[in-house]
Amino acid sequence: MKTHKEVTNLEISELFRALAASLELKNEKSNKFRIIAYERAADAVEHLSSEAKDLWDEGKLEEIPGIGKSMAESLGEVFKKGTSSHFDEILKGIPPSVFKLMQLPRVGAKTASKLVHFLSLEHSKDPISSLEKACKEGKVSSLEGFGQESQKDLLLAIDEFRRFVKRHLLPYASNLADEIISWMKEDKSVLEAYALGSLRRMASTVGDIDMAISTNEPQKVLSRFTQYPKKTRIIEKGDKTASILLPGGVQVDLMVGNPVLFGSLLQHFTGSKHHNIKLREYAIKKNMSLSEYGIKVKEGSNETTKKFATEKSFYNFLSMEFIPPELREDAGEIELAIEDKLPKLIEVADVLGDLQIHSNFDTQTSHDVGESSISEISKKALELGYEYVALTDHNPSVSNHKEKDVLNILKKRREKIEEYNYSAKNNKNNRVIFIFNSLEIDILQDGELAISDAALNLLDFALVSIHSSFRQEKKTATKRVLTALSHPKVKIFAHPTGRLLNQREGIELDWNEIFDFCVKNNKILEINADPARLDLPDFLVREGVARGVKFSLGTDSHHKDHMDNMRWGVSVARRGWLKSDDIVNCLKLEDFKKVIQQS
DNA sequence: GCCGTTTTCGGCCCGACTGTTTTCAGTCG
């Protein structure tokens, strides 16, 4: 389909936010619900599991919740022509610099509009810099509705906007949260402390860190929190919440609550926003109103508030089972919880092997070699309670080796692994780790594998992955992957999208075609537990398992200590609604052997 | 503008914090 240009989900959600802002500025009262509608649509597109443009190609735009006939039609115009007459009409009269200023934290439509008007930024090419200049010259504090404080805050907001990475990797955020929690717990008035929000839901990246603390002395706890030694500044502090900023631009928000209502507090601030909105809508139908303080129940003119010490009792009161945080995304979990039909999600302890580990065996590859030896890796695997691991060093570099050299390297490697397995087998006293002789093989540009059939035949099974030509067209890339997966020795497609969080978008593939091929041909999709990858992404895991795809978990370790990263991979699996029997390395050794032997 | 297990009309989640405005608006989650 010929289009004006590629319009990304991010651009669409920005467009929807601009539309909402525009309506808000023009006539907030009469547009109240249209504004909400555009904001919801912006949220929906931002969290979409595929490109909106692809959905449009397939005529499925209206299947996005929050996008109806009217928006779909105008959006279609945007895809076709780059602009929509209806949207343009709404945006008319609002200077684009207003929308630019709204990118600043704590600046909404009205503040932005006032600033643009008062400071004559209508035609400014860089309104943020112009605003910065005005603040520094002290011009903003004298504007109507602004003062010294707001002028100072604007300068801070500009600084934060420019300086800070917006999303943090999961282990990074998790470690920061753990540090604060243990520091807070040194104080006896802290009864319980948890990370909340996207961190508790184990999303692959985290924006702000949210926390809740159960206490009978809220003031004391909040004061301690704002005195956290590593903070760079206090953003706000009230009776129930406080926010601080850490070096690197991480904002930490704390909510405190009494133990008797801590369950509802946890629930409320764990989110997601969409989960909570759906839950409240459901509650309203039962004459209940939900908040972080509990559940208000209306009976006639009587209104009582029930309090909940635990989340479980909160959900149970709404006649549904407890919903694990990873599922709280309004993706059907509430409906299933009402019927008591949520899946029993995989746990770290269910994992019996790690299916992507790089050892220090020198395969003379052009990629990176691991740092740990086979015995170090197997010792670590024992500690983790595994039965087996797969050694998946990269294939020998193609350009530097003749076929004979490649075979020699791989034969030596096979002997070494066999020796290990043989001696382990004769070790009658202890538990031992079985080591699979595998390899992570490059998928070349045309879908051919980097090593020959003869070389492949020296392996127990092969992983394949893409390390070059990431920007192929969807059709070409899909064919490339399917060609590679077709080889009988190939069992696992590793880090399938090739994405690097905050650095590189994944390759574009026709996922339905990949899923169906995998189901039909017993191929397995990897969930790569490297925190910078977390690939396959959770939403694709969810779509894949719905079509019957099986998955593997691999840490992609290049050092034995990386094997601890398995928990992040498990979190992706849980967010993808996987049970242990959806994952091949939750199988016992003998059962897993059967999986890699089938063709 | 979207949506539907009381609805195709008439609803649309709830509350905290800050700054400036002396009673509330704006923003955020």
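In what follows, every chain begins at residue 1, and chains take the letters A, B, ... in the order their sequences are listed. This structure is a prediction, so every number in the text was calculated from the model and none was measured.
Stacking between A:F146 and B:dT20 is absent: the ring centroid is not both under 5.5 Å from the six-membered base ring centre and under 30° in plane angle.
At the heavy-atom level, A:K296 lies under 4.0 Å from the strands shown only through sugar-phosphate atoms. At the heavy-atom level, A:H86 lies under 4.0 Å from the strands shown only through sugar-phosphate atoms. Nucleic acid contact class of A:L290 (heavy atoms, under 4.0 Å, all strands): sugar-phosphate only. Within 4.0 Å (heavy atoms only), A:Q148 reaches sugar-phosphate atoms of the nucleic acid but no base atom. Residue contacts for A:S243: at a heavy-atom cut-off of 4.0 Å it reaches no nucleic acid atom on any strand shown. Across all strands, A:G271 comes closer than 4.0 Å to no nucleic acid atom at all (heavy-atom distances).
Closest approach to the A:M71 side chain among B:dC2, B:dG29, B:dC12 is made by B:dC2 (side chain taken as heavy atoms from C-beta onward).
Between A:S124 and A:S130, the side chains place a donor N or O and an acceptor N or O closer than 3.5 Å (distance only, hydrogens not considered).
Under the rule for a salt bridge (charged side-chain N to carboxylate O under 4.0 Å, His left out), the partners of A:K152 that lie at least two apart in sequence or sit in another chain are A:E149. Remark: A:N512 pairs with A:R547 by the side chain to side chain donor-acceptor pair (under 3.5 Å) rule, at least two apart or across chains. With sequence neighbours left out, the side chain to side chain contact (heavy atoms under 4.5 Å, CB included) criterion links A:E186 to A:W183, A:R224. For A:F308, the ring-ring contact (aromatic ring centres under 6.0 Å, His included) partners two or more places apart in sequence, or in a different chain, are A:F314, A:F317. In this view, A:E329 and A:R201, A:R575 satisfy the side chain to side chain donor-acceptor pair (under 3.5 Å) rule, not counting sequence neighbours. Contacts of A:Y172 classified as ring-ring contact (aromatic ring centres under 6.0 Å, His included), with partners at least two apart in sequence or in another chain: A:H168. Every residue meeting the side chain to side chain donor-acceptor pair (under 3.5 Å) condition with A:D126, not counting sequence neighbours, appears here in chain and number order: A:S129.
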Identify each donor-acceptor pair in which a side-chain atom of residues 69-77 of chain A lies under 3.5 Å from a protein atom, sequence neighbours left out, and give them as a table.
from, atom 1, to, atom 2, distance (Å)
A:S74, OG, A:S70, O, 3.3
A:E77, OE1, A:K81, NZ, 3.3
A:E77, OE1, A:S85, N, 3.2

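Contact check, A:K278 against B:dC3: no side-chain N or O comes under 4.0 Å of OP1 or OP2.
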Each nucleotide N or O in nucleotides 5-10 of chain B that has a protein N or O under 3.5 Å away: list the pair and distance.
none

Distances under 3.5 Å between nitrogen or oxygen atoms of protein and nucleotides 16-18 of chain B:
from, atom 1, to, atom 2, distance (Å)
B:dA16, OP1, A:Y293, OH, 2.7
B:dC17, OP1, A:D239, N, 3.1
B:dC17, OP1, A:K240, N, 2.7
B:dC17, OP1, A:T241, N, 2.8
B:dC17, OP1, A:T241, OG1, 3.3
B:dT18, OP1, A:K237, N, 2.6
B:dT18, OP1, A:K237, O, 3.1
B:dT18, OP2, A:K237, O, 3.2

Taking N or O atoms only and anything under 3.5 Å, show me the protein contacts with nucleotides 22-26 of chain B, one pair per line.
from, atom 1, to, atom 2, distance (Å)
B:dG26, OP2, A:K110, NZ, 2.9
B:dG26, O3', A:T111, OG1, 3.1

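Between A:K273 and A:G68, it is A:G68 whose nearest contact on DNA chain B lies nearer the 5' terminus. Residues A:D253 and A:E62 both approach DNA chain B. Their nearest nucleotides, taken by heavy-atom distance, put A:E62 toward the 5′ side.
For the pair A:R328 and A:F322, the cation-pi test (distance below 6.0 Å, angle within 45°) is passed.
When both pairing distances are held under 3.5 Å, B:dT8 makes no Watson-Crick or G-U pair with any nucleotide shown.
Under a cut-off of 6.0 angstrom, the local environment of NZ in A:K139 is sparse, with at most 12 non-hydrogen atoms contributed by other residues, nucleotides or ligands.
Between the side chain of A:S571 and the backbone N or O of A:W568 there is at least one donor-acceptor pair closer than 3.5 Å. A distance-only check finds no donor-acceptor pair linking the side chain of A:E132 to the backbone of A:L155 [under 3.5 Å].
Protein atom CZ of A:R17 is 12 Å distant from nucleotide atom C1' of B:dC28, rounded to whole Å. For the pair A:I277 CD1 and B:dG15 C1', the interatomic distance rounds to 13 Å; values are reported in whole Å.
The side-chain heavy atoms of A:V252 and A:L246, taken from C-beta on, include a pair separated by under 4.5 Å.
B:dT22 has its base anti relative to the sugar, with a glycosidic angle deviating from 0 by more than 90°.
Of the residues in residues 172-180 of chain A, none lies under 4.0 Å from DNA chain B by heavy-atom distance.
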